[in-house]
Amino acid sequence: MLAGRIVVVGGGTAGWMTAAALAHKLAGTPARITLVESAEIGTVGVGEATIPHIRHFNATLGIDEADFLAATRGTYKLGIEFVDWGRKGDSYIHPFAEFGAPIGGVPFHQQWCAAPEAGAFEAYSLPIQAARRGRFRRPDGDPYNYAYQFDAGLYARFLRTYSEARGVVRREGKVIDVARDGESGFVRSLTLESGETLAADLFIDCSGFRGLLIEQALHAGYEEWTHWLPCDRAIALPCANSGPIPPLTRATAQEAGWTWRIPLQHRTGNGHVYASGFTSDEDALRVLLGAIAAEPMAEPNRLRFVTGRRRRQWVGNVVAIGLSSGFLEPLESTSIHLIQLAIGRLLDLFPTRDWDPLDAAEFNRLMALEYERVRDFLILHYHCTQRDDSEFWRHCRTMRLPDSLEHKLALFRERGVVVRYREGTFLEPSWLAVYLGQHVTPRHCDPRAGGAGVAAAMAAMRARVAAMAEAMPLHEAALGMPA
């Protein structure tokens with residue numbers, strides 16, 4: 001029999017995504033879901049950009065895209081633009097699509113590397129060319145994907161309405177005590193500030209950085225990765241929109257970190273992720289204020305974090321989801337995706353009252369892999385740079401890499417081979433976008449590359465991509481916004 005009484009600790013994006021997914025998947029079972037949160041405890045709420053997997057999450061819940069975009073003031077996203085990362089003056093886009101198509105059975109990027117007259121790599125990506133023009137169209141048989149940019153607070157509110165309509169009960173209040181079973185160590189109940197006690201079979205910790213259950217009560221441990229990803233602070237600051245709304249997120253490298261720009265229908269989300277060991281909080285705010293395009297709409301929201309993950313994200317009858325499970329900076333918009341992955345893994349391995357320890361072990365193995373492979377992808381952006389204009393960038397370009405990333409880089413630098421894994425969020429096109437966007441080029445190409453007809457085939461691809469992008473409507477028109 002399934003664990004029937006479920007308590008989700010914490011709201012925000014993680015809590016309400018979890019509650020909504022459980023309410024949908026466990027409909028028709030005896031499961032009873034309670035979510036406890038306190039209006040006095042704020043949520044981080046700065047993760048507003050996503051990757052395409054969020055579309056599957058919403059579709060699985062039966063959420064209409066138009067309703068979702070209206071409720072969250074969302075926009076479409078074709079990729080992430082990286083400015084000044086490889087060198088100052090650079091700009092490349094990581095799209096949600098393949099580049100080109102194989103020619104003569106040879107991977108496209110191998111043909112491109114062997115053809116000096118082939119032009120820019122991004123000329124062979126339809127979503128990049130559309131994004132450069134400020135245009136968007138939902139794919140209709142076209143080989144590309146898209147994601148969203150939205151207000152995370154409004155998304156949590158939207159999912160709360162969805163969840164409560166499906167039986168989820170919300171309790172307002174702070175947790176002041178955690179009672180555990182003396183023999184098994186399992187959490188048995190929580191006591192709220194009001195005196196109310198909530199007992200459950202399964203507890204899901206969505207309490208944010210505090211890790212109220214997974215760490216404070218169960219001491220899961222934390223594996224820190226700041227020696228590879230030294231940024232440890234962020235400032236978030238919304239401003240009014242200024243000019244056309246691009247269908248992409250922008251990440252601009254700065255002297256000791258990077259700034260983000262996320263355009264929504266009603267405002268632009270801005271922020272500065274930085275390393276406190278290489279700059280001061282005051283200078284970091286000055287950089288952010290110099291990067292925004294309009295007057296701020298709120299006071300700066302300052303955050304501190306330690307990059308890494310819990311050593312175990314499922315301990316006993318507690319599963320950590322969201323910031324309670326770990327933190328990876330939002331450079332590639334993975335925060336909400338990691339929430340979604342954890343929810344999916346939990347549903348795949350949902351416990352019975354027998355509590356087979358293999359369920360927790362497999363969940364922890366899979367989530368550890370996901371975190372580590374996202375970590376490596378983020379490190380790639382920092383390490384593969386030619387910038388040496390600050391102490392921060394000199395540190396990043398010379399630091400020792402994890403063995404897993406060193407292996408991937410070595411294979412690509414030698415023969416243009418992109419290592420593939422069964423598990424891992426980012427596939428070959430993503431790695432190619434960053435490798436080539438930041439001037440990591442193979443020493444040797446596939447020996448089959450080149451030959452008669454290749455130049456003509458590549459020219460035809462470029463022309464077709466440009467024509468298709470030009471024919472798309474403007475992003476605002478696709479959103480139904482006034483011109």
Side-chain angles (χ1 to χ4, degrees), residues 1-38 43 57 60-61 156 159-175 177-181 184-192 194 196-208 210-218 220 310 312-325 338-360 362-364 367:
M1 184 178 294
L2 294 177
R5 297 173 301 168
I6 303 164
V7 169
V8 180
V9 180
T13 308
W16 286 112
M17 282 183 71
T18 301
L22 292 178
H24 175 74
K25 288 292 187 180
L26 301 180
T29 74
R32 289 179 292 154
I33 304 164
T34 301
L35 184 146
V36 57
E37 66 177 341
S38 171
T43 58
F57 181 84
T60 298
L61 269 57
L159 291 178
R160 175 182 170 179
T161 301
Y162 176 99
S163 301
E164 290 180 327
R166 288 157 180 79
V168 175
V169 175
R170 179 187 180 274
R171 289 284 186 266
E172 167 69 30
K174 296 179 182 178
V175 176
D177 188 57
V178 179
R180 298 175 62 191
D181 184 274
S184 68
F186 279 27
V187 171
R188 289 306 177 205
S189 65
L190 310 176
T191 301
L192 305 186
S194 64
E196 181 181 6
T197 297
L198 298 175
D201 304 303
L202 173 66
F203 292 85
I204 302 174
D205 188 345
C206 299
S207 64
R210 295 177 300 154
L212 181 66
L213 303 183
I214 197 70
E215 191 61 48
Q216 293 184 19
L218 298 180
R310 300 285 172 208
R312 292 179 297 161
Q313 299 181 21
W314 181 338
V315 180
N317 64 336
V318 172
V319 179
I321 294 179
L323 296 176
S324 60
S325 66
L338 288 168
I339 293 169
Q340 182 181 340
L341 274 176
I343 293 169
R345 301 297 189 203
L346 173 59
L347 287 169
D348 290 342
L349 298 164
F350 201 80
T352 67
R353 291 179 182 173
D354 294 332
W355 291 101
D356 187 339
L358 291 177
D359 294 334
E362 180 65 359
F363 181 93
N364 287 329
M367 291 307 298

When rounded to the nearest 0.5 angstrom, what distance separates [atom1] in [X] from [atom2] in [Y]?
X: D205; Y: S325; atom1: CG; atom2: OG; result: 9.0 Å
X: E362; Y: W314; atom1: CD; atom2: CH2; result: 10.5 Å
X: T18; Y: L347; atom1: OG1; atom2: CG; result: 9.0 Å
X: E215; Y: R310; atom1: CD; atom2: CZ; result: 4.5 Å
X: R170; Y: I33; atom1: CZ; atom2: CD1; result: 16.0 Å
X: L213; Y: S324; atom1: CG; atom2: OG; result: 8.5 Å

Nearest heavy-atom pair of [X] and [Y]: which atoms, and what distance?
X: I343; Y: A21; result: CG2-CB, 3.5 Å
X: V36; Y: G173; result: CG2-O, 3.7 Å
X: S38; Y: E172; result: CA-OE2, 3.4 Å
X: L338; Y: M367; result: O-CE, 4.0 Å
X: A342; Y: F363; result: O-CE1, 3.4 Å
X: L35; Y: A19; result: CD1-CB, 4.1 Å

Could you check whether any side-chain heavy atom of [X] comes within less than 4.5 Å of a side-chain heavy atom of [Y], counting everything from C-beta outward?
X: I214; Y: Q313; result: no
X: T60; Y: K25; result: yes
X: V178; Y: F203; result: no
X: L22; Y: I204; result: yes
X: L202; Y: W355; result: yes
X: R180; Y: L218; result: yes
X: N317; Y: D201; result: no
X: L212; Y: L190; result: no

Just checking R188: does its CZ atom have more than 12 heavy atoms from other residues, nucleotides or ligands closer to it than 6.0 angstrom? yes
Kindly indicate, with the supporting measurements, whether the criterion side chain to side chain contact (heavy atoms under 4.5 Å, CB included) is fulfilled by D354 and D356. CA-CA 6 Å; D354 294 332; D356 187 339; 5.7 Å; no
Stepwise side chain to side chain contact (heavy atoms under 4.5 Å, CB included) test for F57 and I339: CA-CA 11 Å; F57 181 84; I339 293 169; over 6 Å; no
